[in-house]
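Please read the structure below before turning to the comments.
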Amino acid sequence: AQPQKNAYTAIDRTGLMTNIADQATIGLQRKKLNQNLETSFIEIILALAETIEVGDATPMRHSNQTAQVAYAIASRMNLSEEMVKAVRWGGLLHDIGKIQVPEEILRKPGPLTNTEWEIMKQHPIIGAELLAPVSRFKDAIPMIEAHHEKVDGSGYPYGLKGDQIPLGGRILAVADAFSAMLCGRVYCHPYSLEQTLLELQRCKNTHFDPTVVDALISLIREGYQF
Ligand code: SIN
Ligand code: FE
């Protein structure tokens, strides 16, 4: 009877181990599924991002350039690797909230009416809400929400001042303005590199964090190209 009992125990143990292994596999599969879902969500978001820049001949150019510039500034400022990565996502997705702004507002060649402006000014908040489910974007979201704030408090959506604005938001503001001036939208005459740098200097302390502007200008003076 003894060997048989051992045999049963062995079988039970195998069963138990199989069970544990199964559960581990299920756990891993679930983790992988979640990762796959998150990856799919990110791919959808990126596809959406490609659709929003109406009126621009090369849709992703501005977002990609903003991401590159923001990434370089954050690295130059010796921010943590996490922050540098978050700032890059923030650059890529800063205007994603525009998918809820009607096209006639986005495409309008002339100045916007007050009502149209109120709608336009929602895009940082809409973007933040849209990305909220993705844990990968956790650090980028407050930056995206703050990319139109100005250090003198005259920005939107909240009119935050100085370092009330998350640092990543201050970085995105400079990178976004730099890229928008250089790449030139359809209805806006593009600036030369020198004009762009002068404009950034001029708006230091009113719109932009001077430390961030200085970091970008030093990169460019060293021959960095975007
Ligand atoms: C933009 O998101 O860059 C356009 C809206 C604005 O000029 O504030
Ligand atoms: Fe924007």
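Just so you know, ligand 1 is whichever comes first in the structure, and atom 1 is the first atom listed for that ligand. All values below were derived from every heavy atom in this structure, side-chain atoms included, with hydrogens, water molecules and symmetry-related copies excluded.
- When atom types are taken as modelled, the side chain of Arg170 and the backbone of Ile165 share a donor-acceptor pair closer than 3.5 angstrom.
- Using a distance-only test at 3.5 Å, with no hydrogens or angles considered, no donor-acceptor pair links the side chain of Gln100 to the main chain of Gly97.
- Only the side chain of Met120 comes within contact range of ligand 1, with a heavy atom under 4.0 Å; no backbone atom does.
- When only interatomic distances are considered, the shortest N/O to N/O separation between Trp117 and ligand 1 does not fall below 3.5 Å.
- A donor-acceptor contact shorter than 3.5 Å links the side chain of Glu116 to the backbone of Thr113.
- For the residue pair Asp95 and His62, no side-chain donor N or O sits within less than 3.5 Å of a side-chain acceptor on the partner.
- For the side-chain hydrogen bond (donor to acceptor under 3.5 Å, both in side chains) test, no residue two or more places apart in sequence or in another chain qualifies with Glu104.
- Put simply, the side chain of Gln68 never gets that close to the backbone of Phe226: no donor and acceptor are under 3.5 Å apart.
- Counting heavy atoms from C-beta outward, His123 and Ile96 have side chains that stay 4.5 Å or more apart.
- Residue-ligand proximity, Tyr156 to ligand 1, at heavy-atom distances under 4.0 Å covers atoms 5 (C), 6 (C), 8 (O).
- Listed by chain and number, Asp95 OD1, His123 NE2, His147 NE2, His148 NE2 are the protein N/O/S atoms closer than 2.8 Å to the Fe ion (ligand 2), with waters left out.
- With hydrogens and angles disregarded, no donor-acceptor distance shorter than 3.5 Å links the side chain of Lys31 to the backbone of Asn34.
- The N/O atoms of Lys98, backbone and side chain alike, include one that comes under 3.5 Å of an N/O atom in ligand 1.
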